[in-house]
Amino acid sequence: MRVVMFGFQTWGHRTLQALLDSEHDVVMVITHPRSEGAYEKVWSDSVEELATGAGVPVLVRERPDDDELYEALKQVAPDVIVATNWRTWIPPRIFSLPAFGTLNVHDALLPAYAGFSPLIWALLNDEPEVGVTAHLMDETLDAGPIVLQRAVPVGPDDTTTDLFHKTLELFGPITVDGLAEIASGRTDFVPQDRSRASFFHKRSEEDIRIDWTWTAEELSRLVRAQSAPYPQAFCFHKGQRLEIVAAGVSEAVYGGTPGRIFYREGDGVAVVAGAGARRGRSRALLITRVRTQDGVELAAHDYFTTMGGYLTSRPAQ
C-alpha cells in the first residue's frame, strides 16, 4: 500500500524504519519540528533525518491543519496513513482522506491511558502490564476501533525506561501487522469500551514534585516512573532542590510526621511517608541515591550524614 506517515521522536523513527523495510511504499512523511521541551528531548531520534536519508519527501508541521498539507496529501494519494506519537489533533479531512483511513499506534492498552505519557501514568498506578495498541483513528483522540493490541508485563523493579524499551520493540511489528489486517479487507475491528476509557494529560514540573503524604509504595513508583532520562522526582532539603534518583520501600514501619529524615536502613535512609504515618502503620520511603541542586549524585548515606530534619515538597518560607 501507499503509506503516508505522521510521526515524531524515537517511536516515529522506529515505526518509519519498519515501514521502509516492509513491502509498503512510503510516499510522504509528516513530522513535528524539534522541541526543547523536557519530554520532547527524551527519545528524540529524528524522523525527518531518517525520511530524508531514504529519499522520502518530508513536511514539518506543528499542527496538520493547513490547506497546503491537505493538497500535498491529495497529490500523493495514500492508501492509508500511519500515525505514531503525533502530538497534536489530526482533523477529520486528513485522517479520513485515504481509502483505508488512518492507523494510529499508541503505547498503551487502550481504552485505558489515552493521551500523553501513558507508560509513566501506568507505572504510577501499579498496572500489571503495559503495551501498544494499533487502532483506526476517529474524531475522538485514541478512541477508534482496535486493529491489534499487544502487552508486556511490568516487573517489580521496572522503571519507565525499562518499559519504554520493552514497548518500543512492539511498534514496528504491530504497525506492519496492522496494515496487513487492514489490507486483507477486514472491517470487524473491535470497538473500544468507552466505559473503561481514561485520558491523561502531559507531565509537567508539578507532576514530579514529591508529596510526602503519599505512601512509600506510591512514592517508590513515582521515582521509578521518573527514571533517567526523564526529569526525576524532586523535593527540597534545607531550601535546596534535591532529586531522588533511586528509592524503595523500607522493611520496617516508621511512625511520625511525613518527610522526616529518620533512620539508616541497609544501604538507604528511611524518610517517613504517608498520611497515616503518625499512627505508626506506614512504611517509609527508603532513599538510596540523590542528586543535589548543583548536579552532584551521591549515595544517600553520603548525603544524609546525620539523621533528623525534613524533606519538604516546597522550599521553606
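Every heavy atom of this structure was used, including side-chain atoms; hydrogens, water molecules and symmetry mates were not.
The residue from Thr175, Val47, Thr31, Asp21 that alone fulfils the side-chain contact (heavy atoms from CB on, under 4.5 Å) condition with Leu16 is Val47.
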Please determine whether side chain to side chain contact (heavy atoms under 4.5 Å, CB included) holds for the pair Arg150 and Asp177, giving the CA-CA distance in whole Å, both sets of side-chain angles, and the decisive distance to 0.1 Å. CA-CA 11 Å; Arg150 290 169 183 165; Asp177 293 348; 2.9 Å; yes

ring-ring contact (aromatic ring centres under 6.0 Å, His included) assessment of Trp43 paired with His13: CA-CA 10 Å; Trp43 316 126; His13 187 280; over 10 Å; no

Phe200 vs Ser117, test: side chain to side chain contact (heavy atoms under 4.5 Å, CB included). Steps then yes/no. CA-CA 8 Å; Phe200 285 82; Ser117 303; over 6 Å; no

Passes side chain to side chain contact (heavy atoms under 4.5 Å, CB included), Leu59 versus Ile30? Steps please. CA-CA 5 Å; Leu59 293 176; Ile30 321 298; 3.9 Å; yes

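Between Arg87 and Glu40 a salt bridge is recorded (basic side-chain N to carboxylate O distance below 4.0 Å). For the pair Arg14 and Glu169, the salt-bridge criterion is met [side-chain N within less than 4.0 Å of a carboxylate O]. A salt bridge does not link Arg93 to Asp65: none of the charged nitrogens lies less than 4.0 Å from a carboxylate oxygen. Salt-bridge annotation for Asp66 and Arg61: present, with a side-chain N of the basic residue lying under 4.0 Å from a carboxylate O of the acidic one. A salt bridge does not link Glu217 to Arg224: none of the charged side-chain nitrogens sits closer than 4.0 Å to a carboxylate oxygen. A salt bridge is absent between Asp267 and Arg289: the closest approach of a Lys/Arg side-chain nitrogen to an acidic carboxylate oxygen does not fall below 4.0 angstrom.
Gln149 is listed as a side-chain neighbour of Leu109, based on a closest heavy-atom distance under 4.5 Å. You'll find the side chain of Tyr254 reaches within 4.5 Å of the side chain of Glu265, heavy atoms only. Considering only heavy atoms from C-beta on, Phe236 stays 4.5 Å or farther from Leu242 through its side chain. Looking at Phe171 and Val132, their side chains come closer than 4.5 Å, going by heavy atoms from C-beta outward. Taking the side chain as every heavy atom from C-beta outward, Leu50 and Gln17 approach each other to under 4.5 Å. Contact check for Met137 versus Asp142: no side-chain heavy atoms found under the 4.5 Å cut-off.
Under the 3.5 Å distance criterion, with hydrogens and angles disregarded, no donor-acceptor pair is assigned to the side chains of Gln232 and Gln226. Side-chain N/O atoms of Thr88 and Trp86 include a donor and acceptor closer than 3.5 Å. Residues Thr161 and Ser227 bring a donor and an acceptor atom of their side chains to less than 3.5 Å of each other. Of the N and O atoms on the side chains of Tyr113 and His106, not one donor lies less than 3.5 Å from an acceptor on the other residue. Looking at Thr52 and Glu49, their side chains never bring a donor and an acceptor atom within 3.5 Å of each other. Donor-acceptor pairing under 3.5 Å is recorded for the side chains of Ser195 and Asp193.
Remark: Arg241 qualifies as a cation-pi partner of Phe234 under the 6.0 Å distance and 45° angle criteria applied to the six-membered ring. A cation-pi arrangement is found for Arg203 relative to Trp121, the charged atom lying closer than 6.0 Å to the ring centre and inside a 45° cone about the ring normal.
The aromatic rings of His32 and Phe8 sit perpendicular to each other, their planes meeting at more than 60°, with 30° as the lower class boundary.
For an aromatic pair to be called close, the ring centres must be under 6.0 Å apart, and Phe164 with Trp11 satisfies this. In this structure, the ring of Phe304 has its center less than 6.0 angstrom from the ring center of His237.
The local environment of CZ in Phe189 is crowded, with over 12 non-hydrogen atoms from other residues, nucleotides or ligands closer than 6.0 Å. Within a 6.0 Å radius of CD in Glu205, other residues, nucleotides and ligands contribute more than 12 heavy atoms. Shown here is Arg264, whose CZ atom has more than 12 heavy atoms of other residues, nucleotides or ligands within 6.0 Å. Counting heavy-atom neighbours within 6.0 Å of Glu139 CD, excluding the residue itself, gives a total of 12 or less.
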